[in-house]
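Below: the structure, in structure tokens.
Keep in mind the model is a prediction, meaning the values are calculated, not measured. Here is the naming used below: chain letters follow the sequence lines, and residue numbers restart at 1 for every chain.
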Amino acid sequence: MTPLTATAVGKRYRTRWAVRDCSFSLPEGKVVALLGANGAGKSTLLRMAAGLVRPTTGELSVFGTPLRGRIHPDVSFLAQNRPLYRDLTVRELVRVGAAMNDRWSADRVREVLALQAGVDHDAKVRTLSAGSVTQVAIAMALGRLPRLLLLDEPLADLDPLAREETLRIIMAEVADRGTTVVMSSHVLADLREVCDHMLLVDEGRVQVDGDVEEVLARHRVLVGPVTDESTVEGELVSATRTQRQSTLLLKDAGPAPEGWAGAEPDLDSLVMGYLRASRERRASAQRG
Amino acid sequence: MTVPRQSEAALPVFAQAVGKKYRRGWALRETSLVIPPNRVVALVGPNGAGKSTLMGLTTGMLRPTTGALTVFGDQPTGKGLHPAVSYLAQQKPLYRQFTVADTLTFGGRTNPSWDQGYAEHLVEQAAVPMNARVGTLSGGQRTRVALALALGKRPRLLLLDEPLADLDPLARETVLGALITEARAHGITVVLSSHVLAELEGVCDHLVLLHDGQVLLAGDVSRLSANGMSLGELALHHMRAAQQGVAA
Amino acid sequence: MLTGVIEFRIDRHSGVSTYMQIVHQVRQAMRLGLLTSGDRLPSAREVVDATAVNPNTVLKAYRELEREGLVEGRRGLGTFVTKSLATEATAGDDAPLRRELGRWMGSAREGGLVVEDVDALYSAVRDEHYPAEERS
Amino acid sequence: MIWASLRLQRLQLLTLLGTLVVGAGVIVLLRSNMIDALDSAQIAHCVRAADQCVAPDGAVKAFRTTWSTPFETAQLLIIGLPALIGVFIGAPLFALELEQGTHVLAFTQSVSRTRWMLSKLVVALVPALVVLVVLQHLVGWWLDAAGSLGPLYNGPFNRVNFAIQGVSPLGYALFAFALGTFLGALTRRTLAAMTAGLVAFVVVRFAVSGLVTGSVFAERRATAVGEVPEQRESGLVLTTGWLDASGQAVPSDRASVLNQACKTTPGGSPNTEEGYLACLRESGFAQNYWDVIPDSRAWQVHLVDVAVFGVLAVVLLAGTTWALRRQS
């Protein structure tokens, strides 16, 4: 049973398509990186998977059940702006969580809150630091005992220590309960060690979908003379060229031709290559 | 800490036992700090360590409770920024209804040392259309415009508070690239605060690490990490140690 | 908490994948005699607590070690080392070769060599004695 | 879920409770003071019929002057409460959550949107209505004690009296509340919803008056021209006019021309009473009639009133549901 499947999903806001013809299927128990440029449709996709936004076209299903405008019981969602009742204390907020859920583990919430350095349970949420607010929001999300955890920019606004602490909480959840996690982030450095699957979207369409290592293995970075690109085999993703040198990111590349050096890209250069290609597409679309 | 033997007037920031107290307590305590010229400085620390306070004191928006701080030898007056200092706040405050050209004109009207040609050049380089409204720009483009506005006054010290938050990786790289190129070309001292240590690596050559209102570590990265530790590791290591010290 | 015998150190800047780092570190610990037959490797959860890496990666590394026949997963109990790679020459702080290398390092340091010098010397000599094609 | 709503509405609920306690205390106190004042002025018996009672010189007038302000204040409170409920309880109910994004928290828990909405509505609305009804009846109890020395003298169809009696305040409060929640869910902005809600409520409240729609309950009374009815029963007179011999109402423009003509003799001098009546009869006026809603049917008019505002409220609440469902 796949945690999340999208079939030709599209979402239009007035005249603009935020997500278009998006199809994918996520494997269970993985940590999925949701990547893409600003405005590529990542948040919309997550909000649709959380049942907050209804797709204009197509269908999403969670653990085999099609979504019908409300959240699936096995899904938890961390929204980007961390919506919490700011006037409540942490303790009261947890009680609200218990009141609003059929399945709720107060123990789990306590456990997660205990992982972080000293959150006062009687402090009002509005007095907490950004890092603590995120961690409280994650604790609330985990209290639902989800099997699919959707995180929209879980690490934004966090200082380096809180970043690590938060990642540890999420990874512990994966280790303990085999939860499938989908997280979007702009900071590739945060994702490198924690993700084993990636989903790269651009202008609402899926560009890359697969196991990180497999995806990396399918791509090559070739560096060679700028004059002679005709001998290179494979599907060109993007290229940067200086006066003498071309650096090409290729998918399903053939062997490096004479005079070219090839290597497997790392996650950074792969994502950057795709983002660069997307920016060029957009720029040329604007021009023409 | 060793203070380079240079006249104070040449130092972008020179703080002597500076403290700042708010109603809820000390945000910065007895801090002595030198920011040497021509550096790209990483200002790092956990939330609440005093980064924003230090920036506020440098811009003159805040007055120190104790001690003194000078910017190129002058004490910030609080009546507007020092002419040689530019500051870019995290929210990148720009008038959304202005066009990019309006924004630059606004910069020209409010800054005596404005270099219109240079600002236009920066916008052009970023491929942002001059007649576009600021409100319609993408995050990366808006940051580039804000940067052009900050650099257009030809500062010698540029303070950037989390300039790259909420930019995608590509925009991050291009913005940072443009920033460093300009800083190097014109000898601008840049102070960059960020939570993402990885993006400061290879960019910053000087580190100021704050913790709990005090300077934990300050100096050139090459000197601080003699054993080949990267800036990120170095900072994280010290932050972790300091946090454990507090907890114990 | 009683953790396993070893603790992994994940270097986020090395460019080597997390999974390979874990595999290497287990192999190295086995060679040095820090891990011997019957020792339990830290559980994925324990590694997560220490390093905040993806537990799937840890499990993948253990599977790789299992494939190599070095460890064995026992359902519900954990992953256990089944072999010893340590020899008298490598295990323990007072193994003769180690002591010899220690003396060498001491004189290198006295001679004013820095880490890079030592690394360069070491790998040059190593490559002399162990040509690349012989190494697996 | 109810607990959550209670906790989130705590400030409003405490305010309501405070209003209730203070309001009730003040009313009880004023009422007992007033009864003392009636006794000491020796006009307690005038409460039944102020026009016919024998009382010390100027005592009635003095009483009315002293007490008119407290009476008006109490009436104003009951008239104003529905608007306050709409503005301070209805409008922020959903707008605040939408504005702060906390609806996303609620929508991503396992309660359904409908249950979330209903529990919020119930927790906000029921206490507000209880407070309103209790205060309304306390004020009514006090005004009853003043009888015809107080505002009740003006009868149940006086606009102010009508607005604070029967089930009407309930209808207004329901409507104001629903209007506030609807605008809140629609605009997603608390301040906008509060302001727009207040304006819209005031406009609709005066445009749709229960007194107008209550005319279905009017009864026609008629007497032969020149005859004086024995006792005119009290009520709200909507129209008066003449009927011809066949019992049809004479169109008013024709009636007024003829009436004017009969007031003078053909010679031009003012007509005598008998001449005037005879002239009317000759002109075809058989009966005098008036359409009246008797005081005894006031409760029915209140029911119509509450039905009209209730239907509006239900429509608005349906609108709120719709706005929240399409919300994301």
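- With a 4.5 angstrom heavy-atom cutoff, A:A37 touches chain B via backbone and side-chain atoms both.
- No side-chain N or O of B:T99 forms a donor-acceptor pair with one of B:R133 less than 3.5 Å apart.
- Heavy-atom distances place both the backbone and the side chain of B:L170 under 4.5 Å from chain A.
- Residue-environment remark: OH (B:Y95) stays at or below the threshold of 12 foreign heavy atoms within 6.0 Å.
- Contacts of A:E164 with chain B are made by side-chain atoms alone, with heavy-atom separations under 4.5 Å and no backbone atom involved.
- For A:L158, the part lying under 4.5 angstrom from a heavy atom of chain B is the backbone only.
- Within a 6.0 Å sphere centred on CG of A:D157, heavy atoms belonging to other residues, nucleotides or ligands number 12 at most.
- Rounded to the nearest 0.5 angstrom, B:S86 OG and B:L158 CG are separated by 6.0 Å.
- Side-chain contact of A:H186 with B:D168: a donor-acceptor pair under 3.5 Å is absent, judged by distance alone.
- At a 4.5 Å heavy-atom cutoff, the contact between B:T174 and chain A is made by side-chain atoms alone.
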